Engineer: 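This structure is in structure tokens; I'll ask about it shortly.
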Number of protein chains: 2
Amino acid sequence: MLSHRNINELVDRYISTSFSVAKRAENLVKCQIGDDLTNDQHYMLRYIYKAQECTSTELADVFEVKRSAITAIINRLWEKGLIERTRDEKDRRVVYLSLTKNGAELFARTEERIYKLVESLIKKFDQKEIEQFMETYEKLDRVLLESKYKQEE
Amino acid sequence: MLSHRNINELVDRYISTSFSVAKRAENLVKCQIGDDLTNDQHYMLRYIYKAQECTSTELADVFEVKRSAITAIINRLWEKGLIERTRDEKDRRVVYLSLTKNGAELFARTEERIYKLVESLIKKFDQKEIEQFMETYEKLDRVLLESKYKQEE
DNA sequence: CTTTAATAATTAAACTGTTTAACTATTTGA
DNA sequence: TCAAATAGTTAAACAGTTTAATTATTAAAG
């Protein structure tokens, strides 16, 4: 059982580590991406690349932001010529988003560099350690989700 | 040894979990904070509360942003009456930042609620699991730091 | 000493990402 | 057929960020 003091220490330790890891990972990824894209824009390309085709509503659900925030990001990517918008002929309210040839190439090129980076980092950990870490991390994710539902009651 | 495919899967898994955990933690913390502060503002109060007194330059170093970004945040907190600015009498370039009575009370009140939240969450994990997780997390932090230095060469 | 450097902080302009609220266009369904 | 729902956009406003210029002050070199 953790004491009051231990809990406070743990909170501080978790906050400072998660802040630091997020910041450093962000900076390293930013170095691979270059100046053409922000990290958020790159994550957006990543999702669309993997989905091949998706809608603003889907992106808003996935990234947990309002649709108008998606419109803003997609507009910026569209202005850079990385994204295509195609109206659904059957339901003309719907706009499908996909990467242009340029967009897909840029993403693939960047992803290759990120892959190499991760490959070099991952060597420092053994597989069991990684597995254990990810399991706890995913458990934390589930616990936070439950807590959210409990709080909404 | 991890295969190409395993590395790609791990990257996806890590990205989606860290995104989700960060988002959910942020939302839960936001619920405890209320509408008076943003999460970033709360983190700023936290640091100043613990430091008791600090400068803009110190905050810029800690949070890894430019000093002008700190000025902007501090101005907003100052307008809310949560922060005090005191000029150093010996070196009149320096401005010391500290919490006002109101600021310290607001922080303490909020922190109490966050503490209770964490206490309830932490029960789901045993101490050994937490310790193992934090050790790997901190190791990741160190590995990212080394990688940054290596890249700068 | 005095002039030049450096330092601490701020300001202004510009940008990204975000929300809320209003609006357009289209489809659903009572 | 017409009111309600849905998909998406637009506009205004705000937080947080950077870069570049500015002010005030101190340190240091000659």
Side-chain angles (χ1 to χ4, degrees), chain A residues 19 22-23 26-27 29-31 33-48 51 53-80 82-98, chain B residues 19 22-23 26-27 29-31 33-48 51 53-80 82-98:
Chain A
F19 176 85
K23 201 91 188 182
E26 202 176 293
N27 288 338
V29 168
K30 182 67 188 145
C31 290
I33 291 178
D35 289 333
D36 297 339
L37 292 177
T38 66
N39 283 17
D40 282 338
Q41 287 167 358
H42 176 253
Y43 289 135
M44 201 56 75
L45 289 191
R46 168 190 294 277
Y47 186 88
I48 302 174
E53 195 171 77
C54 65
T55 64
S56 283
T57 302
E58 182 182 343
L59 290 173
D61 286 346
V62 170
F63 290 96
E64 295 179 51
V65 295
K66 300 293 175 209
R67 270 175 310 194
S68 54
I70 300 294
T71 301
I73 294 183
I74 295 297
N75 277 341
R76 288 181 206 111
L77 293 170
W78 183 82
E79 281 159 19
K80 292 181 211 279
L82 304 174
I83 280 205
E84 233 160 35
R85 286 172 153 122
T86 331
R87 274 229 123 80
D88 184 332
E89 284 307 316
K90 289 188 184 156
D91 183 344
R92 297 191 49 74
R93 289 169 304 181
V94 176
V95 176
Y96 293 115
L97 304 168
S98 57
Chain B
F19 176 85
K23 201 92 189 184
E26 204 177 291
N27 287 339
V29 167
K30 183 66 187 146
C31 289
I33 293 178
D35 289 332
D36 297 340
L37 293 176
T38 66
N39 283 18
D40 283 338
Q41 288 167 358
H42 176 253
Y43 289 136
M44 199 57 74
L45 290 191
R46 166 190 295 276
Y47 186 88
I48 302 174
E53 194 170 76
C54 65
T55 64
S56 283
T57 302
E58 181 182 343
L59 291 173
D61 286 346
V62 170
F63 290 96
E64 296 180 50
V65 295
K66 301 292 174 210
R67 268 176 310 196
S68 53
I70 299 296
T71 302
I73 294 183
I74 295 298
N75 277 339
R76 287 180 207 112
L77 292 170
W78 183 83
E79 281 158 20
K80 293 182 210 279
L82 304 174
I83 281 205
E84 233 158 34
R85 287 171 152 123
T86 331
R87 275 229 122 79
D88 184 332
E89 283 307 316
K90 290 186 183 157
D91 183 345
R92 297 191 48 74
R93 290 170 303 182
V94 176
V95 176
Y96 293 114
L97 304 169
S98 58

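These numbers come from a predicted model, not from an experiment. The sequence lines fix the lettering, A, B, ..., with proteins before strands; numbering per chain opens at 1.
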Engineer: Nearest whole angstrom, please: distance from the C1' of C/dT26 to the CZ of A/Arg87.
Structural biologist: 9 Å
Engineer: Regarding D/dT6, can its base be found pairing with the side chain of A/Arg93 as donor and acceptor, where the two atoms are less than 3.5 Å apart?
Structural biologist: yes
Engineer: Tell me which of A/Val65 and B/Ile70 sits closer to the 5' end of DNA chain C, going by the nucleotide each one is nearest to.
Structural biologist: B/Ile70
Engineer: At 4.0 Å (heavy atoms only), tell me whether A/Thr38 reaches a base, stays on the sugar-phosphate, or touches nothing.
Structural biologist: sugar-phosphate
Engineer: Between C/dT27 atom P and A/Lys90 atom NZ, what is the distance in whole Å?
Structural biologist: 13 Å
Engineer: In whole angstrom, give the distance that lies between atom CD of A/Glu64 and atom C1' of C/dG17.
Structural biologist: 16 Å
Engineer: Would you indicate what B/Ser68 reaches in the nucleic acid, counting non-hydrogen atoms under 4.0 angstrom: base, sugar-phosphate, or nothing?
Structural biologist: base
Engineer: Quick one: A/Tyr43 OH to C/dT16 C1', roughly how many Å, whole number?
Structural biologist: 16 Å
Engineer: So which nucleotide does C/dA5 pair with, by the Watson-Crick or G-U wobble rule with both distances under 3.5 Å?
Structural biologist: none
Engineer: Heavy atoms from C-beta onward define the side chain here; which of D/dT19, C/dA9, C/dT27 lies closest to that of B/Lys66?
Structural biologist: D/dT19
Engineer: Apply ring pair (Phe, Tyr, Trp, His ring centres under 6.0 Å) to the pair B/Phe19 and A/Tyr43, showing each step before the final yes or no.
Structural biologist: CA-CA 10 Å; B/Phe19 176 85; A/Tyr43 289 135; 7.8 Å; no
Engineer: Any side-chain heavy atom of B/Val65 within less than 4.5 Å of one from A/Lys23?
Structural biologist: yes
Engineer: Tell me whether the side-chain N/O atoms of A/Ser56 come closer than 4.0 Å to OP1 or OP2 in D/dT9.
Structural biologist: yes
Engineer: So how far is it from B/Ser98 OG to B/Ile83 CD1, rounded to the nearest 0.5 Å?
Structural biologist: 8.0 Å
Engineer: Taking OP1 and OP2 of D/dA15, is either one under 4.0 Å from a side-chain nitrogen or oxygen of B/Arg76?
Structural biologist: yes
Engineer: Determine whether B/Leu59 and B/Ile73 make a side-chain contact, defined as any pair of heavy atoms from C-beta on separated by less than 4.5 Å.
Structural biologist: no
Engineer: Identify whether any heavy atom of B/Ile73 sits under 4.0 Å from a base atom; if not, whether one sits that close to sugar-phosphate; answer base, sugar-phosphate or nothing.
Structural biologist: sugar-phosphate
Engineer: Should B/Asp61 and B/Ile70 count as side-chain neighbours, where that means a heavy-atom distance under 4.5 Å?
Structural biologist: no
Engineer: To the nearest angstrom, how far is A/Asp61 atom CG from D/dA7 atom P?
Structural biologist: 9 Å
Engineer: Judged by each residue's nearest nucleotide on DNA chain D, which is more toward the 5′ side, A/Lys23 or A/Val95?
Structural biologist: A/Val95
Engineer: Rounded to the Å, how far apart are B/Arg67 CZ and D/dT19 C1'?
Structural biologist: 13 Å
Engineer: Which residue lies toward the 5' end of DNA chain C, A/Asp40 or A/Asp88, if each is placed at its nearest nucleotide?
Structural biologist: A/Asp40
Engineer: Within this structure, what is the CD-to-P distance between B/Gln41 and D/dA15, rounded to whole angstrom?
Structural biologist: 7 Å
Engineer: In the strands shown, is D/dT26 matched to any nucleotide by a Watson-Crick or G-U wobble pair with both distances under 3.5 Å, and which?
Structural biologist: none
Engineer: Over how many whole Å does the gap from B/Asp91 atom CG to C/dA9 atom C1' extend?
Structural biologist: 11 Å
Engineer: Could you state the interatomic distance from CD (B/Glu26) to SG (B/Cys31), rounded to the nearest 0.5 Å?
Structural biologist: 11.5 Å
Engineer: Can you check C/dA5 for me, syn or anti if syn means within 90° of 0?
Structural biologist: syn
